[in-house]
Amino acid sequence: MSLSQTDRALVLALWKKMSTNVGIYTTEALERTFMAFPATKTYFPHFDLSPGSRQVKAHGQKVADALTLAAHHLDDLPGSLSALSDLHAHKLRVDPANFQFFSHCLLVTLARHYPGDFSPKMHASLDKFLGLVTLALVSKYR
Amino acid sequence: MVHFTAEEKAAITSIWEKVDVEKAGGETLGRLLIVYPWTQRFFDKFGNLSSAQAIMGNPRIRAHGKKVLTSLGFAVKNMDNLKEVFAHLSELHCDKLHVDPENFKLLGNTLVIVLSSYFGKEFTAEVQAAWQKLVAGVANALAHKYH
């Protein structure tokens, strides 16, 4: 699986539109992940997970920055995400299934904030992009 | 067995009563076939699936999507005994249609995304969580009779 020129164009177009608000949507996606898939909370026992949590917001921004970096390095996701991959493999050890829960909740979030942009093709391209980011993140797991 | 609280049931029905089953069904099935193209394997005889536009405009896909969501309507009315409601459909999907149960999860999640795009503000995290529980319950019920 790789991103076509159309996929890349669509992903970058949405990223441009979201501008500095990516963190708002990744934070909402995190909140949705914790609520819809409660087992994901087991990775954050040290966090205040109540609505509006500053820790969740800060974490959302970290995720946003990583996704923005990825969106601008679509030619080399493994390379650009290498450090994050090491982190997730050796320190965080988040089970890979959880990235899919988060990716799904991010799509839910983007669909409700940008319904006019969320065509089936955009939906497919974003899903592919997030799938490739996940693959890069778990590439060093074993 | 899945148990739904009164709040979860209310969250689900408050959305469902506003859903246009034909429109949402067609949209959901169409998106499934576009986002996960390998799912087209079950729809070889459904006519033109050659592009996203063809899929979304295909009347047979739309009709089948309506059928699928109508079935989901039964689930909404019978949240406390999903396995019974879907027993026959489960056998059908295993014995006649040969559908990998993984596809039920894909369809369920695609429906949640479509509902989110339709209902925006109303589709809060709590509402989404209730719907995730329902689609997971339906997926399990549909897979229950597999052998």
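Letters A, B, ... mirror the listed sequences (proteins, then strands); counts begin at 1.
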Open item on the list: Quick check on the hydrophobic clustering: are A/M35 and A/F44 connected, directly or via other members, by side-chain heavy-atom contacts under 4.5 Å?
Closed with: no
Open item on the list: When you group the ILVMFWY residues by side-chain heavy-atom contacts below 4.5 Å and let the links chain together, are A/V94 and A/F101 in the same group?
Closed with: no
Open item on the list: Here's a test for you: under side chain to side chain contact (heavy atoms under 4.5 Å, CB included), which of B/V35, B/I34, B/I55 qualifies with A/P120?
Closed with: B/I34
Task: Heavy-atom proximity to chain B below 4.5 Å, by part of A/F37 - done: side chain
- [ ] Please check if atom OH in A/Y141 has more than 12 non-hydrogen atoms from other residues, nucleotides or ligands closer than 6.0 Å.
- [x] yes
Open item on the list: I'd like to know which of B/A52, B/A125, B/A129, B/A136 tops the heavy-atom pair count under 4.5 Å against chain A.
Closed with: B/A125
For chain B against chain A, give me the donor-acceptor pairs closer than 3.5 Å, one per line with atom names and distance.
| residue | atom | partner | partner atom | Å |
| --- | --- | --- | --- | --- |
| A/R32 | NH1 | B/F123 | O | 3.2 |
| A/R32 | NH1 | B/T124 | O | 3.4 |
| A/R32 | NH1 | B/Q128 | OE1 | 2.9 |
| A/R32 | NH2 | B/F123 | O | 2.5 |
| A/H104 | NE2 | B/N109 | OD1 | 3.4 |
| A/H104 | NE2 | B/Q132 | OE1 | 2.6 |
| A/V108 | O | B/S116 | OG | 2.7 |
| A/R112 | NE | B/G120 | O | 2.8 |
| A/R112 | NH2 | B/G120 | O | 3.0 |
| A/R112 | NH2 | B/K121 | O | 3.4 |
| A/F118 | O | B/R31 | NH1 | 3.2 |
| A/F118 | O | B/R31 | NH2 | 2.6 |
| A/H123 | ND1 | B/R31 | NH1 | 3.1 |

